[in-house]
Amino acid sequence: MSKANHYQLRDLPSVSVILDAMHDDISQWGHDAVTDVARAQLEQARVSVKSGSPAPESPEEIIKAIRATLNQSAEPSLRPVFNLTGIVLHSNLGRASLPHAAIDAVQRVAAGASNLEYDLDAGARGDRDSHIESLICELTGAEAATVVNNNAAAVLLVLNTLALMKNVPVSRGELVEIGGSFRVPDIMHRSGCTLVEVGTTNRTHLKDYANAISADTALLMRVHTSNYRVEGFTHTVPESELAALARRHAIPFVVDMGCGNLIDLTALGLPHEATAQQTLRNGADLVLFSGDKLLGGPQAGVIAGRKDLIAQIKQNPLKRALRLDKMTLAALEATLKLYRHPTDLLQALPTLRLLTRCVEDIQAQTTRLAPIISDALGERYRVASVAVASQIGSGSLPQEILPSAALAIRATDQRDETLRTLSEDLRACRKPIVGRLKNGALLLDLRCLATSDEDDFIEQFSGLR
Ligand SMILES: *Cc1c(COP(=O)(O)O)cnc(C)c1O
(Lines give C-alpha, C1' and ligand atoms only; values in the text may rest on other atoms or scores of the structure.)
Protein backbone atom coordinates (compact mmCIF):
# COMPACT_ATOMS: atom_id res chain seq x y z
CA MET A 1 0.00 0.00 0.00
CA SER A 2 1.27 3.47 -0.83
CA LYS A 3 2.07 5.95 1.90
CA ALA A 4 -0.70 8.28 0.69
CA ASN A 5 -3.19 5.46 0.99
CA HIS A 6 -1.98 4.67 4.46
CA TYR A 7 -2.61 8.25 5.62
CA GLN A 8 -6.00 8.30 3.95
CA LEU A 9 -7.03 5.11 5.77
CA ARG A 10 -5.96 6.64 9.08
CA ASP A 11 -7.99 9.76 8.30
CA LEU A 12 -11.26 7.90 7.85
CA PRO A 13 -13.62 8.85 10.68
CA SER A 14 -14.48 6.25 13.32
CA VAL A 15 -17.98 4.81 13.74
CA SER A 16 -18.47 6.81 16.94
CA VAL A 17 -17.56 10.12 15.27
CA ILE A 18 -20.12 9.38 12.55
CA LEU A 19 -22.81 8.34 15.06
CA ASP A 20 -22.24 11.48 17.13
CA ALA A 21 -23.18 13.52 14.09
CA MET A 22 -26.32 11.48 13.41
CA HIS A 23 -28.53 12.02 16.46
CA ASP A 24 -31.67 12.80 14.47
CA ASP A 25 -31.16 9.81 12.21
CA ILE A 26 -30.72 7.54 15.22
CA SER A 27 -33.98 8.70 16.74
CA GLN A 28 -35.67 8.03 13.39
CA TRP A 29 -34.13 4.67 12.50
CA GLY A 30 -32.88 3.29 15.79
CA HIS A 31 -29.30 3.00 17.02
CA ASP A 32 -28.64 -0.51 15.72
CA ALA A 33 -29.82 0.14 12.18
CA VAL A 34 -27.75 3.31 11.82
CA THR A 35 -24.68 1.65 13.36
CA ASP A 36 -24.92 -1.31 10.99
CA VAL A 37 -25.17 0.89 7.93
CA ALA A 38 -22.38 3.19 9.20
CA ARG A 39 -20.04 0.20 9.73
CA ALA A 40 -20.80 -1.13 6.27
CA GLN A 41 -20.26 2.27 4.68
CA LEU A 42 -16.90 2.77 6.46
CA GLU A 43 -15.80 -0.70 5.48
CA GLN A 44 -16.66 0.08 1.88
CA ALA A 45 -14.64 3.30 2.08
CA ARG A 46 -11.69 1.36 3.53
CA VAL A 47 -11.82 -1.19 0.72
CA SER A 48 -11.95 1.46 -1.95
CA VAL A 49 -9.02 3.41 -0.43
CA LYS A 50 -6.97 0.20 -0.29
CA SER A 51 -7.64 -0.36 -3.95
CA GLY A 52 -6.27 3.11 -4.73
CA SER A 53 -9.37 5.32 -4.83
CA PRO A 54 -9.33 8.59 -2.91
CA ALA A 55 -10.93 8.64 0.53
CA PRO A 56 -14.26 10.47 1.00
CA GLU A 57 -13.66 14.22 1.25
CA SER A 58 -15.32 14.57 4.64
CA PRO A 59 -17.40 12.70 7.24
CA GLU A 60 -20.43 14.52 5.73
CA GLU A 61 -19.94 12.61 2.51
CA ILE A 62 -20.08 9.32 4.38
CA ILE A 63 -23.11 10.45 6.36
CA LYS A 64 -24.88 11.34 3.11
CA ALA A 65 -24.25 7.84 1.80
CA ILE A 66 -25.51 6.29 5.05
CA ARG A 67 -28.73 8.32 4.81
CA ALA A 68 -29.21 7.27 1.21
CA THR A 69 -28.90 3.60 2.18
CA LEU A 70 -31.32 4.00 5.10
CA ASN A 71 -33.87 5.76 2.89
CA GLN A 72 -33.56 3.15 0.21
CA SER A 73 -34.15 0.36 2.72
CA ALA A 74 -37.43 2.01 3.65
CA GLU A 75 -38.78 1.72 0.09
CA PRO A 76 -41.22 -1.18 -0.26
CA SER A 77 -39.64 -4.26 -1.74
CA LEU A 78 -42.94 -5.42 -3.25
CA ARG A 79 -44.18 -2.71 -5.60
CA PRO A 80 -46.04 -2.09 -8.84
CA VAL A 81 -44.34 -2.59 -12.21
CA PHE A 82 -45.38 -2.07 -15.82
CA ASN A 83 -46.05 -5.54 -17.22
CA LEU A 84 -45.18 -5.06 -20.88
CA THR A 85 -44.03 -8.66 -21.37
CA GLY A 86 -47.04 -9.49 -23.52
CA ILE A 87 -48.09 -12.17 -21.00
CA VAL A 88 -51.30 -10.92 -19.45
CA LEU A 89 -51.50 -13.33 -16.50
CA HIS A 90 -47.80 -13.35 -15.65
CA SER A 91 -47.08 -15.66 -12.71
CA ASN A 92 -43.91 -13.76 -11.75
CA LEU A 93 -45.65 -10.39 -11.99
CA GLY A 94 -48.60 -11.14 -9.73
CA ARG A 95 -51.07 -12.68 -12.22
CA ALA A 96 -54.53 -11.09 -12.28
CA SER A 97 -54.98 -7.36 -11.63
CA LEU A 98 -57.85 -7.05 -9.17
CA PRO A 99 -61.10 -5.35 -10.14
CA HIS A 100 -61.92 -2.10 -8.29
CA ALA A 101 -64.77 -3.82 -6.51
CA ALA A 102 -62.30 -6.31 -5.00
CA ILE A 103 -59.80 -3.62 -4.00
CA ASP A 104 -62.58 -1.67 -2.25
CA ALA A 105 -63.73 -4.84 -0.48
CA VAL A 106 -60.19 -5.55 0.77
CA GLN A 107 -59.88 -2.02 2.07
CA ARG A 108 -63.19 -2.26 3.94
CA VAL A 109 -62.27 -5.40 5.89
CA ALA A 110 -58.54 -4.73 6.27
CA ALA A 111 -58.86 -1.67 8.46
CA GLY A 112 -60.86 -3.12 11.32
CA ALA A 113 -62.94 -5.91 12.76
CA SER A 114 -65.25 -7.90 10.51
CA ASN A 115 -67.67 -10.81 10.76
CA LEU A 116 -65.02 -13.11 9.27
CA GLU A 117 -65.95 -16.06 11.45
CA TYR A 118 -68.92 -14.65 13.29
CA ASP A 119 -72.56 -15.42 12.61
CA LEU A 120 -74.29 -12.07 13.10
CA ASP A 121 -77.78 -13.64 13.23
CA ALA A 122 -76.87 -16.16 15.89
CA GLY A 123 -74.38 -13.97 17.72
CA ALA A 124 -72.00 -16.91 17.79
CA ARG A 125 -69.00 -18.34 16.06
CA GLY A 126 -69.48 -18.76 12.30
CA ASP A 127 -67.68 -20.30 9.33
CA ARG A 128 -65.44 -18.18 7.12
CA ASP A 129 -66.50 -20.17 4.05
CA SER A 130 -70.07 -18.91 4.58
CA HIS A 131 -69.22 -15.63 2.85
CA ILE A 132 -68.43 -17.37 -0.36
CA GLU A 133 -69.84 -20.87 -0.54
CA SER A 134 -73.35 -20.08 -1.79
CA LEU A 135 -71.91 -17.68 -4.37
CA ILE A 136 -69.60 -20.36 -5.77
CA CYS A 137 -72.52 -22.81 -5.84
CA GLU A 138 -74.72 -20.28 -7.61
CA LEU A 139 -72.10 -19.64 -10.32
CA THR A 140 -70.86 -23.21 -10.85
CA GLY A 141 -73.95 -25.28 -10.08
CA ALA A 142 -72.05 -27.16 -7.37
CA GLU A 143 -73.77 -28.46 -4.22
CA ALA A 144 -71.07 -27.22 -1.90
CA ALA A 145 -67.71 -25.45 -1.98
CA THR A 146 -64.72 -24.39 0.05
CA VAL A 147 -61.68 -22.23 -0.61
CA VAL A 148 -57.97 -22.39 0.21
CA ASN A 149 -54.79 -20.46 -0.44
CA ASN A 150 -54.25 -21.44 -4.08
CA ASN A 151 -55.01 -24.26 -6.48
CA ALA A 152 -51.88 -26.19 -5.46
CA ALA A 153 -53.25 -26.18 -1.90
CA ALA A 154 -56.63 -27.32 -3.23
CA VAL A 155 -55.03 -30.33 -4.95
CA LEU A 156 -52.99 -31.14 -1.83
CA LEU A 157 -55.99 -30.90 0.48
CA VAL A 158 -58.34 -32.93 -1.73
CA LEU A 159 -55.81 -35.74 -2.21
CA ASN A 160 -54.78 -35.76 1.43
CA THR A 161 -58.41 -35.97 2.51
CA LEU A 162 -59.75 -38.47 0.00
CA ALA A 163 -56.73 -40.51 -1.02
CA LEU A 164 -54.38 -40.76 1.98
CA MET A 165 -52.43 -44.06 1.76
CA LYS A 166 -54.42 -45.06 -1.30
CA ASN A 167 -53.88 -45.10 -5.06
CA VAL A 168 -54.81 -42.46 -7.60
CA PRO A 169 -54.57 -43.32 -11.30
CA VAL A 170 -53.53 -40.35 -13.49
CA SER A 171 -52.87 -40.37 -17.23
CA ARG A 172 -49.18 -40.14 -18.20
CA GLY A 173 -50.25 -37.33 -20.50
CA GLU A 174 -51.33 -35.24 -17.50
CA LEU A 175 -48.29 -35.45 -15.18
CA VAL A 176 -47.69 -31.75 -15.62
CA GLU A 177 -45.31 -29.27 -14.12
CA ILE A 178 -46.63 -25.76 -13.62
CA GLY A 179 -44.23 -22.92 -12.95
CA GLY A 180 -41.39 -25.16 -11.81
CA SER A 181 -42.58 -25.85 -8.28
CA PHE A 182 -45.95 -27.51 -8.82
CA ARG A 183 -45.48 -30.99 -10.24
CA VAL A 184 -48.35 -33.41 -10.14
CA PRO A 185 -46.27 -36.45 -9.06
CA ASP A 186 -44.56 -34.46 -6.28
CA ILE A 187 -47.76 -32.99 -4.89
CA MET A 188 -49.37 -36.45 -4.91
CA HIS A 189 -46.44 -37.86 -2.99
CA ARG A 190 -46.65 -35.06 -0.41
CA SER A 191 -50.39 -35.57 -0.13
CA GLY A 192 -49.71 -39.07 1.08
CA CYS A 193 -51.17 -40.93 -1.86
CA THR A 194 -49.64 -43.19 -4.49
CA LEU A 195 -49.68 -42.12 -8.10
CA VAL A 196 -50.57 -44.90 -10.50
CA GLU A 197 -49.53 -43.85 -13.99
CA VAL A 198 -51.88 -45.00 -16.69
CA GLY A 199 -51.76 -44.88 -20.49
CA THR A 200 -48.98 -43.15 -22.41
CA THR A 201 -47.90 -39.59 -22.97
CA ASN A 202 -50.01 -39.17 -26.08
CA ARG A 203 -52.81 -41.74 -25.73
CA THR A 204 -54.79 -42.88 -22.71
CA HIS A 205 -57.93 -45.00 -23.03
CA LEU A 206 -60.82 -45.80 -20.72
CA LYS A 207 -59.54 -49.39 -20.36
CA ASP A 208 -56.22 -48.06 -19.02
CA TYR A 209 -58.09 -46.45 -16.14
CA ALA A 210 -60.39 -49.46 -15.72
CA ASN A 211 -57.39 -51.82 -15.47
CA ALA A 212 -55.71 -49.61 -12.88
CA ILE A 213 -58.68 -49.54 -10.50
CA SER A 214 -58.42 -51.82 -7.47
CA ALA A 215 -59.72 -51.93 -3.91
CA ASP A 216 -56.91 -49.48 -3.04
CA THR A 217 -58.02 -46.85 -5.54
CA ALA A 218 -59.26 -43.69 -3.83
CA LEU A 219 -60.47 -41.65 -6.77
CA LEU A 220 -59.92 -40.85 -10.44
CA MET A 221 -58.20 -37.58 -11.20
CA ARG A 222 -57.96 -35.55 -14.36
CA VAL A 223 -55.39 -32.75 -14.53
CA HIS A 224 -55.90 -30.03 -17.10
CA THR A 225 -52.74 -29.87 -19.22
CA SER A 226 -52.81 -26.12 -19.00
CA ASN A 227 -49.45 -25.06 -20.31
CA TYR A 228 -48.72 -27.49 -23.12
CA ARG A 229 -50.52 -29.45 -25.76
CA VAL A 230 -49.83 -32.91 -27.14
CA GLU A 231 -50.65 -32.90 -30.83
CA GLY A 232 -50.87 -35.55 -33.52
CA PHE A 233 -51.76 -39.15 -32.64
CA THR A 234 -53.51 -38.50 -29.36
CA HIS A 235 -56.43 -39.76 -27.33
CA THR A 236 -57.86 -38.69 -24.02
CA VAL A 237 -60.94 -40.12 -22.35
CA PRO A 238 -63.94 -37.74 -22.28
CA GLU A 239 -64.85 -36.54 -18.79
CA SER A 240 -68.32 -38.09 -18.95
CA GLU A 241 -66.80 -41.56 -19.52
CA LEU A 242 -64.33 -41.15 -16.66
CA ALA A 243 -67.17 -39.97 -14.45
CA ALA A 244 -69.26 -43.03 -15.35
CA LEU A 245 -66.32 -45.36 -14.66
CA ALA A 246 -65.72 -43.74 -11.28
CA ARG A 247 -69.41 -44.03 -10.42
CA ARG A 248 -69.43 -47.76 -11.28
CA HIS A 249 -66.62 -48.23 -8.77
CA ALA A 250 -68.19 -45.87 -6.22
CA ILE A 251 -65.12 -43.59 -6.16
CA PRO A 252 -65.05 -39.81 -6.75
CA PHE A 253 -63.96 -38.23 -10.01
CA VAL A 254 -61.85 -35.11 -9.38
CA VAL A 255 -60.82 -32.55 -12.02
CA ASP A 256 -57.95 -30.12 -11.46
CA MET A 257 -59.02 -27.46 -13.94
CA GLY A 258 -56.12 -25.05 -13.43
CA CYS A 259 -57.68 -21.83 -14.74
CA GLY A 260 -60.96 -20.96 -13.11
CA ASN A 261 -63.19 -20.20 -16.02
CA LEU A 262 -66.91 -19.53 -15.64
CA ILE A 263 -67.84 -18.10 -19.04
CA ASP A 264 -67.84 -18.95 -22.74
CA LEU A 265 -64.54 -17.42 -23.82
CA THR A 266 -65.05 -18.20 -27.51
CA ALA A 267 -67.90 -15.66 -27.56
CA LEU A 268 -65.21 -13.06 -26.74
CA GLY A 269 -62.91 -14.25 -29.51
CA LEU A 270 -60.65 -16.10 -27.05
CA PRO A 271 -59.68 -19.79 -27.23
CA HIS A 272 -62.05 -22.33 -25.74
CA GLU A 273 -61.48 -23.12 -22.08
CA ALA A 274 -63.69 -25.54 -20.16
CA THR A 275 -66.02 -23.98 -17.58
CA ALA A 276 -66.45 -25.28 -14.04
CA GLN A 277 -70.23 -25.56 -14.70
CA GLN A 278 -69.73 -27.81 -17.74
CA THR A 279 -67.14 -29.99 -16.02
CA LEU A 280 -69.51 -30.56 -13.10
CA ARG A 281 -72.35 -31.31 -15.54
CA ASN A 282 -70.00 -33.80 -17.25
CA GLY A 283 -70.02 -35.69 -13.98
CA ALA A 284 -67.02 -34.42 -12.01
CA ASP A 285 -67.62 -34.88 -8.28
CA LEU A 286 -65.15 -32.11 -7.48
CA VAL A 287 -63.58 -29.36 -9.55
CA LEU A 288 -60.50 -27.42 -8.40
CA PHE A 289 -59.31 -24.13 -9.84
CA SER A 290 -57.24 -20.98 -9.19
CA GLY A 291 -58.66 -17.61 -8.20
CA ASP A 292 -56.02 -15.47 -9.91
CA LYS A 293 -55.84 -17.01 -13.36
CA LEU A 294 -58.74 -16.56 -15.81
CA LEU A 295 -61.17 -15.96 -12.97
CA GLY A 296 -59.40 -12.61 -12.52
CA GLY A 297 -59.47 -12.46 -8.72
CA PRO A 298 -57.01 -12.85 -5.84
CA GLN A 299 -54.69 -15.83 -5.33
CA ALA A 300 -56.96 -18.60 -4.06
CA GLY A 301 -57.93 -22.19 -4.72
CA VAL A 302 -61.59 -23.09 -5.14
CA ILE A 303 -62.91 -26.61 -4.46
CA ALA A 304 -66.51 -27.13 -5.58
CA GLY A 305 -68.74 -30.17 -5.94
CA ARG A 306 -70.40 -32.89 -3.89
CA LYS A 307 -71.59 -31.90 -0.45
CA ASP A 308 -70.40 -35.03 1.39
CA LEU A 309 -66.89 -34.69 -0.08
CA ILE A 310 -66.65 -30.98 0.74
CA ALA A 311 -67.74 -31.76 4.32
CA GLN A 312 -64.95 -34.34 4.61
CA ILE A 313 -62.41 -31.91 3.16
CA LYS A 314 -63.42 -29.18 5.61
CA GLN A 315 -62.77 -31.54 8.52
CA ASN A 316 -59.16 -32.18 7.49
CA PRO A 317 -56.88 -30.37 9.98
CA LEU A 318 -54.78 -29.22 7.00
CA LYS A 319 -57.71 -27.03 5.95
CA ARG A 320 -56.84 -24.71 8.84
CA ALA A 321 -53.27 -24.44 7.61
CA LEU A 322 -54.38 -23.65 4.08
CA ARG A 323 -57.34 -21.36 4.78
CA LEU A 324 -57.87 -17.92 3.28
CA ASP A 325 -57.38 -14.69 5.19
CA LYS A 326 -60.08 -12.01 5.39
CA MET A 327 -58.57 -9.80 2.70
CA THR A 328 -58.48 -12.56 0.13
CA LEU A 329 -61.99 -13.69 1.03
CA ALA A 330 -63.25 -10.14 0.58
CA ALA A 331 -61.52 -9.83 -2.80
CA LEU A 332 -62.77 -13.21 -3.97
CA GLU A 333 -66.35 -12.51 -2.96
CA ALA A 334 -66.34 -9.16 -4.76
CA THR A 335 -64.75 -10.69 -7.88
CA LEU A 336 -67.23 -13.55 -8.03
CA LYS A 337 -70.16 -11.16 -7.62
CA LEU A 338 -69.14 -9.42 -10.84
CA TYR A 339 -69.99 -12.66 -12.67
CA ARG A 340 -73.65 -12.06 -11.82
CA HIS A 341 -73.63 -9.25 -14.38
CA PRO A 342 -72.26 -10.78 -17.57
CA THR A 343 -72.79 -7.67 -19.71
CA ASP A 344 -70.64 -5.53 -17.42
CA LEU A 345 -68.03 -8.20 -16.81
CA LEU A 346 -65.71 -7.21 -19.66
CA GLN A 347 -65.34 -3.70 -18.33
CA ALA A 348 -65.34 -4.58 -14.64
CA LEU A 349 -62.79 -7.39 -14.72
CA PRO A 350 -59.29 -6.19 -15.72
CA THR A 351 -58.19 -9.69 -16.80
CA LEU A 352 -60.97 -9.99 -19.38
CA ARG A 353 -60.63 -6.36 -20.40
CA LEU A 354 -56.92 -6.82 -21.14
CA LEU A 355 -57.38 -10.17 -22.87
CA THR A 356 -60.04 -8.77 -25.20
CA ARG A 357 -58.44 -5.38 -25.83
CA CYS A 358 -58.62 -4.83 -29.59
CA VAL A 359 -55.42 -4.70 -31.58
CA GLU A 360 -56.34 -1.43 -33.35
CA ASP A 361 -56.49 0.29 -29.99
CA ILE A 362 -53.07 -1.05 -28.98
CA GLN A 363 -51.61 -0.12 -32.38
CA ALA A 364 -52.89 3.43 -32.02
CA GLN A 365 -51.18 3.57 -28.64
CA THR A 366 -47.79 2.37 -29.95
CA THR A 367 -48.02 4.82 -32.87
CA ARG A 368 -48.76 7.62 -30.44
CA LEU A 369 -46.00 6.71 -27.98
CA ALA A 370 -43.17 5.63 -30.33
CA PRO A 371 -42.01 9.19 -31.22
CA ILE A 372 -42.24 10.32 -27.58
CA ILE A 373 -40.15 7.39 -26.32
CA SER A 374 -37.75 7.82 -29.22
CA ASP A 375 -37.16 11.48 -28.22
CA ALA A 376 -36.67 10.51 -24.60
CA LEU A 377 -34.10 7.82 -25.45
CA GLY A 378 -32.05 9.99 -27.81
CA GLU A 379 -29.50 8.92 -30.40
CA ARG A 380 -28.47 5.59 -28.88
CA TYR A 381 -31.77 3.84 -29.59
CA ARG A 382 -34.32 3.57 -32.38
CA VAL A 383 -37.97 3.00 -31.57
CA ALA A 384 -40.53 1.48 -33.92
CA SER A 385 -44.10 0.31 -33.65
CA VAL A 386 -44.42 -3.39 -34.53
CA ALA A 387 -47.07 -6.11 -34.62
CA VAL A 388 -46.61 -8.84 -31.99
CA ALA A 389 -48.71 -11.53 -30.31
CA SER A 390 -49.53 -11.53 -26.61
CA GLN A 391 -50.20 -14.61 -24.52
CA ILE A 392 -52.87 -15.26 -21.92
CA GLY A 393 -50.26 -16.75 -19.60
CA SER A 394 -50.49 -18.52 -16.26
CA GLY A 395 -50.91 -22.01 -17.48
CA SER A 396 -53.10 -21.16 -20.41
CA LEU A 397 -52.01 -22.42 -23.78
CA PRO A 398 -48.58 -21.01 -24.50
CA GLN A 399 -49.21 -20.38 -28.18
CA GLU A 400 -49.04 -16.69 -28.85
CA ILE A 401 -52.57 -16.00 -29.89
CA LEU A 402 -53.66 -12.46 -29.12
CA PRO A 403 -52.73 -10.01 -31.92
CA SER A 404 -51.10 -7.02 -30.26
CA ALA A 405 -48.65 -4.18 -30.84
CA ALA A 406 -45.35 -3.28 -29.21
CA LEU A 407 -42.71 -0.61 -29.09
CA ALA A 408 -39.63 -2.31 -30.53
CA ILE A 409 -36.47 -0.63 -29.24
CA ARG A 410 -33.16 -1.37 -30.96
CA ALA A 411 -29.67 -0.16 -30.16
CA THR A 412 -28.31 2.17 -32.86
CA ASP A 413 -24.89 0.50 -32.52
CA GLN A 414 -26.64 -2.88 -32.82
CA ARG A 415 -24.80 -4.22 -29.77
CA ASP A 416 -26.63 -6.60 -27.43
CA GLU A 417 -24.81 -4.93 -24.56
CA THR A 418 -26.39 -1.54 -25.32
CA LEU A 419 -29.84 -3.07 -25.43
CA ARG A 420 -29.27 -5.04 -22.22
CA THR A 421 -28.20 -1.85 -20.45
CA LEU A 422 -31.47 -0.21 -21.45
CA SER A 423 -33.54 -3.13 -20.26
CA GLU A 424 -31.66 -3.06 -16.93
CA ASP A 425 -32.20 0.70 -16.61
CA LEU A 426 -35.91 0.27 -17.30
CA ARG A 427 -36.14 -2.38 -14.60
CA ALA A 428 -34.41 0.06 -12.22
CA CYS A 429 -37.01 2.82 -12.74
CA ARG A 430 -39.19 4.11 -9.92
CA LYS A 431 -41.99 2.05 -11.44
CA PRO A 432 -39.98 -0.66 -13.19
CA ILE A 433 -40.77 -1.45 -16.82
CA VAL A 434 -40.55 -5.15 -17.71
CA GLY A 435 -40.50 -6.09 -21.39
CA ARG A 436 -38.92 -8.93 -23.30
CA LEU A 437 -35.79 -9.19 -25.44
CA LYS A 438 -36.40 -10.84 -28.78
CA ASN A 439 -34.35 -10.91 -32.00
CA GLY A 440 -32.14 -7.98 -31.08
CA ALA A 441 -34.99 -5.77 -29.91
CA LEU A 442 -36.50 -4.90 -26.57
CA LEU A 443 -40.23 -5.39 -27.06
CA LEU A 444 -42.66 -3.45 -24.90
CA ASP A 445 -46.08 -4.98 -25.63
CA LEU A 446 -48.58 -2.26 -24.74
CA ARG A 447 -51.63 -4.53 -24.29
CA CYS A 448 -51.40 -4.10 -20.51
CA LEU A 449 -50.61 -0.36 -20.52
CA ALA A 450 -53.79 1.51 -19.56
CA THR A 451 -54.27 4.86 -21.31
CA SER A 452 -54.51 6.44 -17.87
CA ASP A 453 -51.00 5.13 -17.07
CA GLU A 454 -49.36 6.56 -20.20
CA ASP A 455 -48.04 9.72 -18.56
CA ASP A 456 -46.47 7.74 -15.74
CA PHE A 457 -44.94 5.36 -18.30
CA ILE A 458 -43.41 8.24 -20.28
CA GLU A 459 -42.11 9.84 -17.10
CA GLN A 460 -39.99 6.75 -16.32
CA PHE A 461 -38.00 7.39 -19.51
CA SER A 462 -37.24 11.01 -18.63
CA GLY A 463 -35.64 9.81 -15.41
CA LEU A 464 -33.28 7.33 -17.13
CA ARG A 465 -29.58 7.63 -16.38
C1 LIG B 1 -51.94 -23.30 -12.25
C2 LIG B 1 -52.29 -24.68 -11.97
C3 LIG B 1 -52.14 -25.22 -10.69
C4 LIG B 1 -51.57 -24.42 -9.56
O5 LIG B 1 -52.44 -23.39 -9.23
P6 LIG B 1 -51.96 -22.20 -8.23
O7 LIG B 1 -53.21 -21.42 -8.00
O8 LIG B 1 -50.89 -21.47 -8.93
O9 LIG B 1 -51.47 -22.86 -7.00
C10 LIG B 1 -52.49 -26.52 -10.48
N11 LIG B 1 -52.98 -27.29 -11.47
C12 LIG B 1 -53.15 -26.81 -12.73
C13 LIG B 1 -53.68 -27.70 -13.80
C14 LIG B 1 -52.82 -25.49 -13.02
O15 LIG B 1 -52.97 -25.01 -14.25
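Indexing begins at 1, ligand by ligand and atom by atom, following the structure's order. In what follows, every heavy atom counts, from backbone to side chain, and hydrogens, waters and symmetry copies are set aside.
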Check for a donor-acceptor pair, side chain of Y339 on one end and backbone N or O of L295 on the other, with a separation under 3.5 Å. yes
Would a distance-only check, ignoring hydrogens and angles, find a side-chain to backbone donor-acceptor pair under 3.5 Å from R79 to R430?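 Yes.
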Provide the number and element of each atom of ligand 1 under 4.0 Å from a heavy atom of [X].
{"X": "R95", "answer": "6 (P), 7 (O), 8 (O)"}
{"X": "H224", "answer": "13 (C)"}
{"X": "G258", "answer": "12 (C), 13 (C), 14 (C), 15 (O)"}
{"X": "A152", "answer": "4 (C), 5 (O), 6 (P), 9 (O)"}
{"X": "F182", "answer": "10 (C), 11 (N)"}
{"X": "S290", "answer": "5 (O), 6 (P), 7 (O)"}

Check the side chains of Q278 and E239 for a donor-acceptor pair under 3.5 angstrom, ignoring hydrogens and angles.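 Short answer, no.
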Under 6.0 Å from the six-membered ring centre of F233 and within 45° of its axis: does the NZ or CZ of R203 meet both? yes
Looking only at distance, does K293 have an N or O less than 3.5 Å from an N or O of ligand 1? yes
Polar-atom distance check: V176 versus ligand 1, any N or O pair below 3.5 Å? no
Does D256 reach ligand 1, in the sense of a heavy atom lying below 4.0 Å from it? yes
Checking heavy-atom distances from atom 3 (C) of ligand 1 to each of N151, L288, N149, N150, the winner is N151
Testing the basics here: between L98 and P298, what is the closest heavy-atom pair and its distance to 0.1 Å?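 Of all heavy-atom pairs spanning L98 and P298, the closest is CD2-N, 3.4 Å.
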Would you mind telling me which of V170, V168, L159 makes a side-chain contact (heavy atoms from CB on, under 4.5 Å) with L195?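 The passing option is V170.
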For residues 149-158, pull every pair meeting side-chain hydrogen bond (donor to acceptor under 3.5 Å, both in side chains), keeping only residues two or more places apart or in separate chains.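 Sorted result for residues 149-158: N151-D256.
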Heavy atoms only, cut-off 4.0 Å: how does E177 contact ligand 1, side chain, backbone, both, or neither?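 Contact part for E177 vs ligand 1: neither.
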Using a 4.0 Å heavy-atom cut-off, which part of Q299 comes near ligand 1: side chain, backbone, both, or neither?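 It is neither; nothing of Q299 touches ligand 1.
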Partners passing salt bridge (Lys or Arg N to Asp or Glu O under 4.0 Å) against R340 (at least two apart in sequence or in another chain):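 Checked R340 against salt bridge (Lys or Arg N to Asp or Glu O under 4.0 Å); matches are E138.
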